[in-house]
Protein chains: 2
Amino acid sequence: MYSEKEVTIYDIAKRLDLSATTVSRGLKDNPAISKKTKKRITDVAVEMGYRFNTFASNLRSKRTNTIGVIIPRMNSSFMSDVLAGMEKVANEANYNLIISQSLESADKEAVNIKTMFNNRVDGLMVSVAYNTNGVSQFEMLLQKGVPVLFFDRTLDHPMCPGIIIDNQKSGYLATRHLLDQGCKNIIHITGNQERNVYSERQKGYESALAEAGIELNKDQTFVTMLDEQAGIDCAEQILKMSPLPDGVFVDNDNCAANCMMKLMDSGIKIPEDIAFIGFNNDPISKIIRPALSTISYPGVEMGQIAARKLISHLNGQQNINSTNSIVLRSELIVRDSSLCNRL
Amino acid sequence: MYSEKEVTIYDIAKRLDLSATTVSRGLKDNPAISKKTKKRITDVAVEMGYRFNTFASNLRSKRTNTIGVIIPRMNSSFMSDVLAGMEKVANEANYNLIISQSLESADKEAVNIKTMFNNRVDGLMVSVAYNTNGVSQFEMLLQKGVPVLFFDRTLDHPMCPGIIIDNQKSGYLATRHLLDQGCKNIIHITGNQERNVYSERQKGYESALAEAGIELNKDQTFVTMLDEQAGIDCAEQILKMSPLPDGVFVDNDNCAANCMMKLMDSGIKIPEDIAFIGFNNDPISKIIRPALSTISYPGVEMGQIAARKLISHLNGQQNINSTNSIVLRSELIVRDSSLCNRL
DNA sequence: ATTATTTATGCTATCGGTTGCATTCTTAAA
DNA sequence: TTTAAGAATGCAACCGATAGCATAAATAAT
C-alpha cells in the first residue's frame, strides 16, 4: 500500500559520491561543509524526496528537542493563552511541544506522563488534573534528570518549581471587594481543596471574612467541578437558601456566568440582589450583561515564563531546582456584576 | 548533568540469561512467550527502571501509531470538542495524537506539516488556516502514502476526503429564518471566501435572499477574521449604515456575541431593531442575553468520525480515497436574539 | 618549494528495539 | 519408545542518523 522505499542520507551520499557523514552535516548546515557541497546536497535531497528521520536522529543523539505539556483541558481561553505563550518561546529556542490533555483525570494524566517519558521529552510542564494525588508519578522523570515544572495547578516538590499567581491574595481581593460593596453573606464556589489554586483562594476568602469580623460558615463554600453544569447546580442550591446570599465569588468565570444567568432567569437581580465576581478574566466575562467582575490572569505571560525557565535550565544556563516558585501579578477587575454599593 | 545510563532490553536479557528478542516479546505481551517468563521480565524491567525506547522501536518497525492533527486554534469550544472526539477514538485504537496549531497562518501550517512528516505520522487530520493557499504542501505526505483527511475547513483534493457539515444549507437556513421573521435587510458577517465553510455559507445566504426576491447587495457581506475584534469593528460599521440593517447573520458565535453587545451598548435593541443569528452553538450563545440563535455544529461527532475513518484506512479496512466527503447533520437553533416576528 | 594551518570530507562504531528464520524444549499422538 | 506437532526461545541482520577521530585537500606562511 505504501510507495517506494525511503530515501536516506546514504542514498544521497551515493548519488553525490560523498559520505553519509558529509550529507548529514550538509543538511544540518554544519559550518565544516563548504557552501557549494551544501547546495548540491540540499538540491539532491529535495529532488530525491528525502525526509529527515527524527527517530534515527533522536536514537543516536539522545536529544529530542521536545518539551511535553500536560494540561487538564485545552478549551479555556486561559489555557489557550498559556499554550500560545509556551509555543512561541519554545519555537524560538528550536524546541517542539507535545501537548496532551488529562481531561481532569489523574489516571489519564499518569498515562500521559508515561508516554512523555517514553518519548524522551527533554522536559515537562504540567498543570495537574482535578483529582491528582501525590507526586510519585513524576519520580521516574526526575530520576533520569528530566526537569518537571508546574504551572497554575501545582504540586509541592523540592525539585519542581511552580509558576503561579498569588491565589490567596486574589481570593482575598475578590472577597474584600464584595465586602467593600456592602455584602455580608458571601458564597465561595470553588474546586477540589487539594489543588493549590482553590485552597489558596479559599484561604484568601476566609481571611477577608475574618478581617471584616464575619464568621466563617462552612455551608457557604461550595466545592464543585467549576464547569457549566456546576454553575447551574449552584444556582439552584442558592435559590433554596434562606436568607439568600448577597454576594458570590466563583473561582471560574465560565462557571460564574452560568450560575449568574440561571439566577437571573429565576428573577434574581444582579448585582442588586446578589453581587458576583468570577476568576480568570475570560472573554466571556466581558460579554455577558451585567459584565462580570473578575481577577485577571496573565495566561500568555505564564506560558512564556514557564517555557523560558525550563529551556534555560535545559541549556544549562540556570538550575531550575533552586527556584521554588515564580509568582505573577494578577489584579482585580471591577465590572457591573459587583457594583451594588449597599453601604 | 543526567544520571546513570539507560537500561535496555539487553541489560534485562543479561540479568535473566535470556535473549533480547525474548525480552522484547515479553514486554510486548507476545503470545509466544510463556506466562512465567513474561512475569520475570516485567518484574525485572520495573526493578531496573527500564523505559521503552520509542525511537528505536519506530526506527525499526517503521510504524509510529501516531496521528497528526493540525488546527487553526484550540481555544474554541468547537475545536475542543473535535479534539476530544478524536482523542477518544484514537486512544481506543491504540493511536497517539500529536496536535499542533497553525494560529491561522499558512506559513506556520506548512512548518507543522513538515514536522508531522518528519515525525512519520501514520496519518494526518487537518482543518486549514484562514489564508492557506493550494494543496501542494500535502503532496510529500501523499506521495509516501500517508493519508490526509480534512475536516471543517477543507481543501479540494482527489486523495483527501473531507468531513464537513452542509454549510450552504446551514447558511440558507440561517438566512431563511431571519427572512421568515420579517427581516428584509440582512448583513452576512463571514470569513475568507477561499475557505469552503465561509463561501458555502455565503452561497446559502445568497440563495435564500434570491428565493425571497431580495436583491443581493455586496456591501452587506462583511469579510472578516470572525474574531472578537471583528465583531466590535462590524458593530461600528453597522452603526454608520443608513438605513440600519434589520438582521445580521454571523458565521461565528463568539464574533456575533461581541458584535451584538457592542450594538446593544449603543442603544440598539436586539432582536427588535436588529435580529441576530450566529454559527456553531458555542456555549457562549446560551449564556448571553438575549440568547443567540445559531446553527448547531456536532464537534465531538466530527472528531470521532474523522479519526474512525482515518484509522480504518490505516488498518486497511477501508480505502479513504474512495470517499469524497462525509456530511454531518447540523440544524437551526432558534433563541431570543432572532425572534422579532416583524411580519 | 616546503612546512604549517585551516578547511573539507570520510571511516566506523553506535544508539536500542524488531523481525524472519532457525533451534531447542515440551507435550501429545502413534 | 519413537515420532510428530506445538510451544518457547535465540541468532543476527537491520532501521537511519551521528560523533569522535582520522585523513585528505586547499590555502597560507616560511
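Chain A is the first sequence line, chain B the second, and so forth, proteins listed ahead of strands; every chain is numbered from 1.
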Between [N] ([atom2]) and [X] ([atom1]): distance, integer Å:
| X | N | atom1 | atom2 | result |
| --- | --- | --- | --- | --- |
| B/Leu27 | C/dT18 | CG | C1' | 13 Å |
| B/Arg25 | C/dG20 | CZ | P | 9 Å |
| B/Asn58 | C/dT19 | CG | P | 11 Å |
| A/Leu16 | C/dA8 | CG | P | 17 Å |
| B/Asn119 | D/dG16 | CG | P | 16 Å |
| B/Arg63 | D/dC15 | CZ | C1' | 16 Å |
| B/Asn65 | C/dG17 | CG | P | 17 Å |
| A/Asp29 | C/dA8 | CG | C1' | 15 Å |

### Message
Applying a 4.0 Å non-hydrogen cut-off, can you work out what A/Asp11 is touching in the nucleic acid: base, sugar-phosphate, or nothing?
### Response
nothing
### Query
Across the strands shown, which category fits B/Leu18 at heavy-atom distances under 4.0 angstrom: base, sugar-phosphate, nothing?
sugar-phosphate
### Task
Please state whether the phosphate of D/dG10, meaning OP1 or OP2, lies under 4.0 angstrom from any side-chain nitrogen or oxygen of B/Ser19.
yes
### Query
B/Thr37 side chain N/O closer than 4.0 Å to the phosphate oxygens (OP1, OP2) of D/dA8?
no
Any protein N or O atoms within reach of nucleotides 12-16 of chain C? Criterion: under 3.5 Å, listing atom names and distances.
{"unit_1": "C/dT14", "atom_1": "O2", "unit_2": "A/Arg60", "atom_2": "NH1", "d": "2.9"}
{"unit_1": "C/dG16", "atom_1": "OP1", "unit_2": "A/Lys62", "atom_2": "NZ", "d": "3.0"}
{"unit_1": "C/dG16", "atom_1": "N2", "unit_2": "B/Ala56", "atom_2": "O", "d": "3.3"}

### Task
Answer yes if the side chains of B/Thr64 and B/Asn58 hold a donor-acceptor pair under 3.5 Å, and no otherwise.
no
#### Entry: The single option from B/Gln101, B/Met74, B/Met125 passing side-chain contact (heavy atoms from CB on, under 4.5 Å) against B/Val69
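Exactly one option meets the side-chain contact (heavy atoms from CB on, under 4.5 Å) with B/Val69, and it is B/Met125.
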### Message
B/Arg15 vs B/Met48, test: side chain to side chain contact (heavy atoms under 4.5 Å, CB included). Steps then yes/no.
### Response
CA-CA 10 Å; B/Arg15 166 85 158 272; B/Met48 297 179 76; 3.5 Å; yes
### Query
Do A/Ser57 side-chain atoms and A/Asn53 backbone N/O form a donor-acceptor pair below 3.5 Å?
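No, because the side chain of A/Ser57 does not come within donor-acceptor range (under 3.5 Å) of the backbone of A/Asn53.
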### Query
Within the side chain of B/Thr54, is there an N or O that forms a donor-acceptor pair under 3.5 Å with the backbone of A/Asn118?
yes
Which atom pairs, one a donor and one an acceptor, fall under 3.5 Å between side chains of residues 76-89 of chain A and the rest of the protein, sequence neighbours left out?
{"unit_1": "A/Ser76", "atom_1": "OG", "unit_2": "A/Met79", "atom_2": "N", "d": "3.1"}
{"unit_1": "A/Lys88", "atom_1": "NZ", "unit_2": "A/Glu92", "atom_2": "OE2", "d": "3.3"}

Donor-acceptor pairs under 3.5 angstrom involving side-chain atoms of residues 152-164 of chain B: please list them, not counting sequence neighbours.
{"unit_1": "B/Asp152", "atom_1": "OD1", "unit_2": "B/Tyr297", "atom_2": "OH", "d": "2.3"}
{"unit_1": "B/Arg153", "atom_1": "NE", "unit_2": "B/Val128", "atom_2": "O", "d": "3.0"}
{"unit_1": "B/Arg153", "atom_1": "NH1", "unit_2": "B/Tyr198", "atom_2": "OH", "d": "2.9"}
{"unit_1": "B/Arg153", "atom_1": "NH2", "unit_2": "B/Glu104", "atom_2": "OE1", "d": "2.4"}
{"unit_1": "B/Arg153", "atom_1": "NH2", "unit_2": "B/Glu104", "atom_2": "OE2", "d": "3.1"}
{"unit_1": "B/Arg153", "atom_1": "NH2", "unit_2": "B/Val128", "atom_2": "O", "d": "3.4"}
{"unit_1": "B/Thr154", "atom_1": "OG1", "unit_2": "B/Asn196", "atom_2": "ND2", "d": "3.1"}
{"unit_1": "B/His157", "atom_1": "ND1", "unit_2": "B/Met159", "atom_2": "N", "d": "2.9"}
{"unit_1": "B/His157", "atom_1": "NE2", "unit_2": "B/Glu139", "atom_2": "OE2", "d": "3.0"}

#### Entry: Closest-nucleotide ordering on DNA chain D, the 5'-leading residue of B/Pro31 and A/Ser24
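The answer here is B/Pro31.
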